[in-house]
Amino acid sequence: VGDADHDARVGVLQPATGDLGDLGAPIQDGGALPGLQLEDEGVPYEIEIRREDTETEPEVGIERAQALVDAGFPSITGAASSGVTIAVAQDVYFPEEVVGISPASTSPDITDMPGEFLLRTCPTDALQGVAAATLAYDDRGLETASTFFLNNDYGQGLNDAFVANYQDLGGEVYEQEAFEAEQPSYDSALEVVLGDNPDLLYIVGYPDSGEQIFRDFYENFDPDDTLVMVADGMQSHDLPGDVDNPMENVIGTAPAAVGPGRETFDQLYNQEFGSSPGVFTSQAYDATAVHLLAQFRADELSGPAVSAEVREVANPGGEVVTPSTLADGLEMALDGEEIQYQGASSEIVFDDNGDLDAATFDIFEFDMDGYTVTTQFEL
Amino acid sequence: MSNEPDNGAPDNGAPDNGATDNGEPEETLTASVGRWKSDLKLVVGLVFATYLAFGLLGILTGVSVNETAGFLQTVTFFAAVFALLTLALNLHWGYTGLFNIGIAGFMAVGVYTMAILTASPDGTPAGFGLPIPIGVIGGTIAAGLVGAVIALPALRVRADYFAIITLGFSEIVRLTITSGSLRRIEVGERIYGTGGGSGIRYTPVDTVVPWLLDFSVLGYLGEVLYGIGAVVGVSQSIINRVLYALVIITFVLLFYLLLQRIARSPFGRILKAIREDEIVARSLGKDTQRAKIKVFTLGCALMGLAGILWIGSRSLVTPESFMPVVTFYIFVALIVGGAGSNTGSVVGGFVFAAFLWEGPRFVRTILRSSLDVRSPPTIYDAFVELAALDPMPLVGYVVGSLDEIRWVLIGVVLVLLMIYRPEGLMGDRKEIAAATDLSRPGRGGSDE
Amino acid sequence: MKERVEDPTAQELFGFLLLLGIVVLTLDLVRLVFVGELPVSRLSSLLWNGIVDSLYIGLAAIGLSMTYSILRFANFSHGDLITVGAFGGWTVAYLIGGIGAAGLGSRLLLDADGGARAGDLGMSIVGSPLAIVVGLIAAAVFTILVALAIDRLVYKQLRDAGGITLLIASVGVALALRYIVAIIYTQDSRGVVASAPFWEPAYLPVDRINLHEMTLVLSAVALIVGVHLLLQYTKLGKSMRAMSDNRDLALVTGISTERVITATWIIGSGLAGVAGYLIVLDRSQITINLGWFLLLLIFAAVILGGIGSIYGALAGSLVIGITINLSLVWIPADLNEVAAFALMILVLIFKPDGLFGGVETA
Amino acid sequence: MALLEVVDLDAGYGDLQILESVDLVVEDGEYVTIVGPNGAGKSTVMKSIFGLTNLMGGSVVFDGQEIHDLRPEQIIRTGIGYVPQSDNVFPSLSVLENLEMGAYILDEVPEDRLQRVFDRFPILEERKAQKAGTMSGGQQQMLAMGRALMLDPDLLMLDEPSAGLAPDLVDDMFDRIDAINDDGTAVLMVEQNAKEALRRCDRGYVLVQGQNRYEDEGDALLADEQVRQDFLGG
Amino acid sequence: MSESTQATAGEKDTTEKRVADPVLQIEELDKRFGGIVAVDGASFAVERGSITGLIGPNGAGKSTTFNCITGVHRPDGGSVVFDGTDITGESPERIANRGLVRTFQIARELPEMTVLENVMLGPKGQLGESIWRSVAPIARGNVIEQEEELRDQAWETLEFFEIDHLAEEYAGNLSGGQRKLLELARALSTDPEMLLLDEPMAGVNPSLERKLLDRIHDLQEEGYSFLLVEHDMDVIMEHCEHVVVMHQGQVLAEGPPATIKSNEEVIEAYLGGEI
Ligand SMILES: Nc1ncnc2c1ncn2[C@@H]1O[C@H](COP(=O)(O)OP(=O)(O)OP(=O)(O)O)[C@@H](O)[C@H]1O
Ligand SMILES: Nc1ncnc2c1ncn2[C@@H]1O[C@H](COP(=O)(O)OP(=O)(O)OP(=O)(O)O)[C@@H](O)[C@H]1O
Ligand SMILES: [Mg+2]
Ligand SMILES: [Mg+2]
C-alpha cells in the first residue's frame with residue numbers, strides 16, 4: 001500500500017476563508033479530524049491529510065482540487081456547496097479519476113451524476129423534502145405554510161422539494177421568500193412571510209443566518225402562533241445559546257445519526273478544537289474516514305483503486321468499524337478483511353449514485369442546551 | 001512624476017524619411033515591432049525568472065515535479081486570464097478614466113449568455129444547444145451590448161459616481177441571476193432560466209483543445225509534449241491544460257495588439273483627453289460621448305470574452321463566480337502593473353497571478369506539509385502554553401491559521417506595493433498616444 | 001471649481017420619471033393599505049425597520065464620507081474598522097460583564113471556545129448595563145487607536161498619492177485587519193448578546209419597545225447630532241472642508257493638515273467603531289465579515305448622498321435603509337438590494353453629484 | 001539683518017531640479033519684485049520659501065530663524081503670508097468662509113480686518129455666501145488677496161496678484177500693496193506686469209532658467225536696455 | 001460725448017447694422033445662476049476677420065458669455081448665431097467643429113498628457129479619430145501620413161510659442177504662464193474660423209506677449225476672427241478694431257477703441273478714472 005512516503009493521503013477541500021469561512025472552517029476541521037485522532041492514537045502509518053481552502057470561490061475550489069490531484073491525492077473530502085462540488089467533480093474528479101466525497105452538498109442534481117468518483121455523506125434534499133412535508137402535513141396537521149430559504153442551491157433545492165411534496169399532500173403555501181446570507185436584519189422579510197399567519201414556517205439555511213433570523217423572530221413575533229421547522233443545515237447545539245432562546249416552537253428534520261459514533265466524534269472534536277461541532281462536521285469526518293479505510297484496503301494509492309474499495313468498506317457486510325475503532329479498522333482494511341464503517345453522522349451506506357441509502361430521518365427539538373432527537377421518521 | 005515620458009524603444013533605429021514612399025509606412029511598423037520586441041523581452045524574461053524561482057522552490061522543498069508543473073500551469077492560466085481582463089480594464093480606466101468597478105457583472109453577462117446559448121436543450125435549465133463558437137461570440141456581443149446600454153445614462157456622471165453605478169449594476173446582475181425569480185422559466189416542456197444558485201451546466205470551451213489536437217500538425221505537437229511530460233513526470237492532464245492556457249495566451253496577444261493600436265492613435269488621444277478633462281476635449285470639437293460609449297462597449301465586450309475564456313472553461317457557471325471581489329482582483333492587477341500601459345497590464349496580470357493569487361497558496365501548502373505541528377484550539381491557549389515556556393503550540397496555531405495569515409500577508413504586500421511603487425511596476429512606460437513617432441522632425445526618428 | 005457642461009433636458013426627463021415612479025408607488029401603497037392587503041401595522045414596522053437600518057448605515061456612512069472627502073479616497077477598510085470596533089468593544093464588555101461567570105480566555109476571545117455564552121452571562125442592557133456602556137466607549141476608543149495607528153503606518157506614507165493608490169492600499173488594510181481578527185477570534189460566527197429586553201410602556205401607542213434597538217436608535221441620533229454640532233460650531237468643520245477643497249492652499253493658510261486628518265480619523269473611526277458595536281447589540285451576532293458585508297450599502301449611501309456631505313450621507317442612508325425594507329411590499333426579499341441599487345442608479349442619473357452635491361476623488 | 005534671506009537655494013519637484021543657487025534678500029519693510037520669463041522658476045522660489053517644494057540645497061532664513069525645515073503651517077505662524085498664483089481659493093467654501101480661513105491661525109476672526117477687506121472689495125461683501133468656485137476669475141483673485149490680508153504678516157508674498165484683474169483694480173491692487181508696504185510690511189512679489197511692478201518696488205530680481213540674472217533697484221532695472229529688451233517687451 | 005451715446009447698448013436693434021459682415025452675433029443673451037444674473041440681455045456682434053475686444057469689470061459676465069456661446073452653459077434666453085447658423089444650446093463639440101473654438105481663462109491643460117499630445121489633440125477631422133480606422137489594417141489608409149503631418153505642425157506651433165523644449169513634458173508640470181501658452185497653442189491647432197480667447201495674456205511674459213499679438217494679427221490677415229477678453233487696456237487699445245464693454249451682464253457700450261476709451265460710463269465702470 002501507499003506511495004514511497006505515504007500510506008494514505010486525503011485532501012480536505014472546504015471554504016476556510018471568505019464569505020462562507022465561518023461555516024466551512026469547522027467542516028474542514030471535521031474532515032481533518034481522523035488524521036489527528038489516528039496520530040494521537042499512535043498508529044504506525046504515514047497519513048497525510050492536506051487541508052485546502054476554496055476561499056468560498058468556485059474558481060479557487062476547482063484550482064485547489066486540481067492542485068491536490070497534481071500532488072497525487074487520490075481522495076478528496078469536498079467540496080461544501082453543491083455548486084462547487086458539481087463543478088469540481090465535472091472538471092477534476094471525473095477526468096482525473098479521483099474520488100471525491102462531499103460532506104455537505106445536498107443538491108438533488110448530484111444524484112444524477114456518476115457515482116463512481118463522486119459520493120456524499122450527506123443525504124439528498126429530495127428525500128428530506130418528503131420527510132419534512134409529511135411530518136408537517138400528515139403528522140402535525142399543519143395546512144398552511146410559508147417558506148424562508150437561503151438564496152443558494154441548497155436553499156432553493158430543498159425549498160423546491162419541500163414545497164412540491166407539501167402541495168402534493170394538500171397543503172397550501174402562502175409565501176416563498178429567499179434570503180441572502182448574513183443580512184443585517186431579517187425583520188422585514190419575516191414580516192412578509194409571516195404576514196398571512198401560516199401554521200408553519202419552513203426555514204432552510206445555516207446557523208450563521210439562522211441565529212439572526214431567530215433573534216428577529218423572537219423579538220417581533222409571537223412564537224405561539226407559528227410552528228417553525230428547520231432542516232439539517234440548522235441542526236446545531238449552539239443555536240439556542242447563540243439565539244439566547246430555548247426555541248421551543250422549533251422542530252427539525254435531519255438524516256438519522258447513529259448513536260455511538262456521534263458521541264465519540266463530538267468528544268474528539270471538542271477536545272481537539274475547543275468548541276462543539278457545527279453543521280456537516282460529522283459528515284466531513286465520515287468522508288475522510290471512509291477515504292482512509294478505502295485507501296488502506298486498496299492495493300495502490302490511485303483514484304480508481306480507492307473508488308473500487310469505497311463501497312466495500314462502508315456498505316453492510318463484515319466487521320463494524322466506528323469512529324472509536326477507526327485505528328483497528330485500518331488494520332482490518334490493510335488485511336483485506338470485510339468491514340463496514342458506521343460513522344458519526346450516519347451508517348454510511350452508499351448506493352450506486354454515490355448517494356446515502358439512508359431513508360431514516362431524525363426529528364429533533366431544541367432546548368437551551370442544544371437539540372434532542374425525539375422520534376425518527378422512516379420513509 | 002517622470003519628466004521624460006517614455007518615447008518608445010531606444011533600439012528603434014529606423015530613419016524617419018523613406019516612410020511615405022510605399023503607402024503603409026514601414027518605419028512605424030518597425031518602430032512598433034521594435035517597441036513590441038523590447039516589451040516582449042521584458043515580459044518573457046520576467047515570466048521565466050518567476051518560473052525558475054518557483055520551480056526551484058518546489059524542487060528544493062521536495063514537492064513532486066507533477067505538482068510543481070501543475071502549479072506553474074495554474075499560474076500561466078490565471079496570468080493569461082487576468083491579463084485579458086486587465087487589458088480590458090486598462091482601456092476603460094487606464095486610458096479613458098472610466099472608473100468601471102462592475103467588471104464581474106459584465107463577465108457574468110458574457111458567461112451566462114454563452115451558457116444559455118450552448119447548454120444542452122435537455123438539461124435543467126435548458127439551453128439552445130448551439131455550437132460553442134456561436135456561444136462565445138454571442139456572449140461577447142451580449143456583454144458589449146449591455147455595456148452600451150449602461151453607458152448611455154451612466155456616462156453622464158463623474159468618476160466616483162460612475163464607479164458606484166457600475167458596481168451597483170454588477171451586484172444587480174449577480175443578485176438577479178441568483179434570485180428565484182429567473183431561476184426557472186417554463187417554455188413548453190422545457191425549463192429555461194438562470195438556474196439560481198445552482199447555475200447552468202454546459203460543455204466547457206476548453207474542449208477546444210482536443211478539437212485542435214485533431215489537426216495533424218497540432219496533434220503531432222501534442223504527442224511530442226505528452227512524450228516530454230512522460231519523461232519528466234508531468235501528467236497528460238496538465239499538458240492539456242497548458243495547451244488551453246496557450247489558447248488564452250493567443251487571445252492575450254490579439255487583445256494586446258488591438259489595444260496597442262487603439263492606444264497609439266488619434267482615437268487613443270481622445271480617450272486620454274477624456275480621462276484628463278472632458279470639457280477641454282469637447283471644446284476642441286471631439287465627440288467625447290461617442291468615444292466613451294464605443295470604448296465602454298468594446299471594453300465590456302472584452303470583459304465578457306475574458307469571462308467566457310475563464311469561467312466558460314469550467315463545465316458549470318454559478319453566480320458565486322461573480323462576487324464584487326473579482327473586480328477588485330483585476331484592479332489590483334492593473335495598478336500593480338501600471339495603469340495606462342498595455343504592457344503594464346499584461347505584466348500586472350502575470351505578477352498578480354504568480355505572486356498574489358497562486359504563489360502564496362503554493363508556499364502555504366509547502367509550509368503546512370513541512371511544519372507538522374498540532375494547533376491548540378484558541379490563540380489564548382497557545383499563549384498560555386507559551387507562558388509555560390512551550391512555544392510549539394503557538395507555532396501550531398500559526399500553522400493552523402495559515403489560510404488567514406495568507407490573507408493578512410496579501411494585505412500587507414498590497415500596502416507595501418502602494419507605498420513603494422504606487423505607479424505600478426511599468427507605470428513609467430506610459431504609451432504616447434500617437435500613430436507615429438513624435439520626435440522632432442528633421443532630427444531623425446530615434447533621437448533621445 | 002471648473003465649469004461643467006450643462007445638459008438639463010435628459011436630467012429633467014429622468015427626474016420626472018423618477019418622481020412619477022415614486023408617486024405611483026406611494027399611491028399603490030395607499031391602495032394596498034385601503035384594500036387591506038397591507039395591514040398598517042406591517043407597513044409601519046417595515047418603515048421602522050428601514051429607519052433603524054438607515055441609522056447604523058448612516059453612523060458608519062458619516063465616517064466614510066469624511067475620510068472620502070478629506071483624505072480623498074474611497075476607504076475600503078472602513079467596513080473592517082466597523083468589525084474591529086465590534087470585536088474590541090464586546091471584548092471589553094465581556095471582560096467586565098463576565099467576571100466570575102466565565103474564564104478569562106473565554107471572555108477575552110468572546111466565547112470563541114463556547115465557554116462564555118451570552119445568555120449565561122446576562123449580556124444585555126438590563127442584565128449588565130455597566131459592561132455594555134463601557135464596551136460602547138471602548139469600541140470607539142479602540143477603533144480610533146487602530147485607525148490612527150494605520151494612518152501612521154500606511155496612509156501617512158501615501159499623502160500625496162492618487163485616489164486609486166490609496167484605495168488599493170485600503171483594500172490591503174481591510175484584508176489584513178479582517179484576518180488578524182479572524183486569527184485571534186476564529187471565524188466562527190456567534191451570538192454575543194443575550195435576548196433583548198423589552199419595555200412595555202403604558203402610555204405610548206406601541207405595545208413594546210426593544211431596549212437594544214432603542215439603545216441603538218438613541219445613541220445613533222445623539223452621535224449624529226453631536227457630530228453636526230461639532231462641525232457646525234467649531235473651526236474643525238471648516239478646516240475639514242477647506243482641506244477637502246485644496247490641500248496645498250489649506251497648508252498655506254496655516255491649517256495643520258495633519259491635525260485635521262487626525263481629527264477626521266478620530267471622528268470617522270470612532271463612529272464606525274460605535275456603529276459596529278451597536279449593530280452587534282441589536283443583532284447579537286458577531287462575525288469577521290460584519291463590516292465587510294455592510295460596506296457596499298454604506299458606499300451606496302455615501303455616494304448617493306454626495307461624497308463629502310455628511311447630511312448627504314445621512315439622506316443616502318435613509319433612502320437605502322427604507323428601500324431595502326419597504327421594497328418587500330412589492331418584490332421578493334432576495335431582490336431587495338437590487339431595488340436599492342437600482343434606485344440609487346436612477347437617482348444618480350437624475351442628480352449626477354448625488355443628492356447633496358459633492359467632491360470627487362478619482 | 002535682513003528679514004528674509006535665501007542663500008544658494010536649490011529646489012525642484014521630485015527629482016527634477018528647477019532652481020540653481022538662487023539668492024534672494026528682503027530687508028525689513030522692503031518691497032521686492034521678481035520678474036522673468038514664463039517657467040523661469042519664480043513661483044518655484046515662492047513655493048520653496050513656503051516649504052512646498054523639494055529643497056535640495058541652500059537655506060531659507062526668516063527673521064533670524066531657519067525655516068526651510070518647517071512645515072507650511074508653521075511657516076505662516078512665523079509671519080509670512082502667501083497668495084499662490086493659481087488655485088488660490090477654496091472653491092466649495094463660501095466667500096466669507098474663505099476669508100475666515102485667512103485668519104485661521106488666530107483665535108477669532110478680526111472683525112475690523114474683515115471689514116477693511118470688504119471695504120476694499122465690496123463685491124466680496126455682496127457675495128459673502130456665494131461659493132468661491134463660482135466667482136469670476138477676477139473676483140477669485142480679489143478673494144485670494146483679501147484672504148491673505150486677514151492676517152497682518154511681516155512679509156507678504158504675492159504671486160502675480162494683478163493677473164486677471166480689471167485695470168482699475170490693477171492700479172488699486174498696486175496702490176493697496178504700496179499702502180501695506182508703507183505700513184511696514186515687507187512685500188515679495190512676482191509679476192508679469194513687470195513695468196508697473198518694477199516702477200513701484202524698491203528692488204527687483206530678474207530670474208531666468210532657475211538662476212539669478214539681474215538684481216538692482218527697480219528703476220535701474222527699468223532703465224537697463226538689456227533687461228527692457230529681453231524681459232519687458234521693449 | 002455724442003459718440004459715446006451713439007455707442008451705448010440702448011439701441012440693440014441696430015447691432016446688426018453696425019457690423020457689415022458679422023461672423024458671430026449674440027442677441028439678448030441671458031444667463032442666471034440661482035439669484036445671480038451673470039448675463040443680462042447682452043447683444044453684440046463680431047465682424048468677420050476682425051479682432052474684437054470684450055472688456056468689462058471683474059464679474060461683468062464675460063467668461064459666462066463665452067461659456068454660453070461655446071455650449072458649456074445653456075443660456076436661459078437669447079440666441080447665438082455663428083456664420084449665419086443659430087447655434088444656441090448646441091453641444092460644445094458641435095460648436096467647436098463649426099470652427100468656433102475657445103480658450104479657458106484658468107488654463108485647463110490635460111495634465112497627464114505630454115505637451116505635444118495636448119497640441120496634437122487639437123486638429124479637426126483627424127482620420128484616426130475613428131476607432132475603426134485606428135485599428136483595422138486596411139481601413140487605416142492615410143492615418144499615419146496624417147499623423148506625421150500633424151506632428152510636424154505641432155512642433156512648429158510649439159516652437160512658435162517657445163515651449164518646444166517642453167514638448168515631451170507632462171502638461172501638468174508646466175508653470176502658470178506656460179500653461180496659458182499651451183492653451184492658446186492647442187486652440188490654434190484646431191484651425192478654427194474664429195477664436196474666443198479668455199484673457200490669453202494674463203501671466204504671459206511681456207516679450208512673449210508681443211509675439212503672440214503679432215501672431216494674432218498674422219492670423220487675422222489670413223481671415224481668422226477673434227473675440228478677445230483682456231484686462232490689459234494697452235493690448236485692447238492697440239490691437240482691437242472694435243471693443244464691446246460689458247457691465248453687470250449687459251453691454252454697456254461698444255465702438256472703436258478710441259471712443260470707448262473716452263466713454264465716461266466706461267471710465268467710471270471699468271477704467272477707474274485714470275488714463
Ligand atoms: N456657476 C456659477 N454659479 C454662480 N454664479 C456664477 C457662476 N459662474 C459665474 N457666476 C457669477 O456670474 C458673474 C459673471 O461671472 P464671469 O465669470 O462671467 O465674469 P467675468 O466677466 O469673466 O469676470 P473676470 O474678468 O473676473 O473673469 C459673476 O458675478 C460670478 O460670480
Ligand atoms: N509640479 C511641478 N512638477 C514638475 N515641474 C514643475 C512643476 N511646477 C513647475 N514645474 C516646472 O518648473 C519650471 C518653473 O516653474 P514656475 O512655476 O516656477 O515658473 P514661473 O517662473 O512661475 O513661470 P510663470 O510666469 O509662467 O508662472 C517650469 O519649467 C515648470 O515646467
Ligand atoms: Mg508662476
Ligand atoms: Mg472671466
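Below, chains carry the letters A, B, ... as their sequence lines are ordered, and counting in each starts from 1.
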(message) Quick check on D:Met135 against chain E: is it the side chain, the backbone, both or neither that has a heavy atom closer than 4.5 Å?
(response) neither
(request) Flag the pair D:Asp159 / D:Lys47 as yes when at least one side-chain heavy-atom distance between them is below 4.5 Å, and no otherwise. (result) no
(request) Could you list all the ring pair (Phe, Tyr, Trp, His ring centres under 6.0 Å) pairs where at least one residue sits in residues 195-221 of chain E, not counting sequence neighbours? (result) E:His217-E:His239
(request) Could you tell me which of D:Gly36, D:Ala163, D:Ser162, D:Gly39 has the largest number of non-hydrogen atom pairs under 4.5 Å with chain E? (result) D:Gly39
(request) Report yes if the side chains of D:Tyr13 and D:Thr53 come closer than 4.5 Å at any heavy-atom pair, otherwise no. (result) yes
(request) Determine the sole option in D:Ile177, D:Val117, D:Asn88 for which the side chain to side chain contact (heavy atoms under 4.5 Å, CB included) test with D:Met145 is passed. (result) D:Ile177
(request) Against chain D, label E:Ile36 side chain, backbone, both or neither, depending on which of its atoms sit under 4.5 Å from a heavy atom there. (result) side chain
(request) With a 4.5 angstrom heavy-atom cut-off, could you sort out which part of E:Gln178 is near chain D: side chain, backbone, both or neither? (result) both
(message) Please classify the contact between D:Gln130 and chain E as side chain, backbone, both or neither, with a heavy-atom cut-off of under 4.5 Å.
(response) side chain
(message) Please classify the contact between D:Ile123 and chain E as side chain, backbone, both or neither, with a heavy-atom cut-off of under 4.5 Å.
(response) neither
(message) Check for me whether the distance between the ring centres of E:Phe44 and E:His242 falls short of 6.0 Å.
(response) no
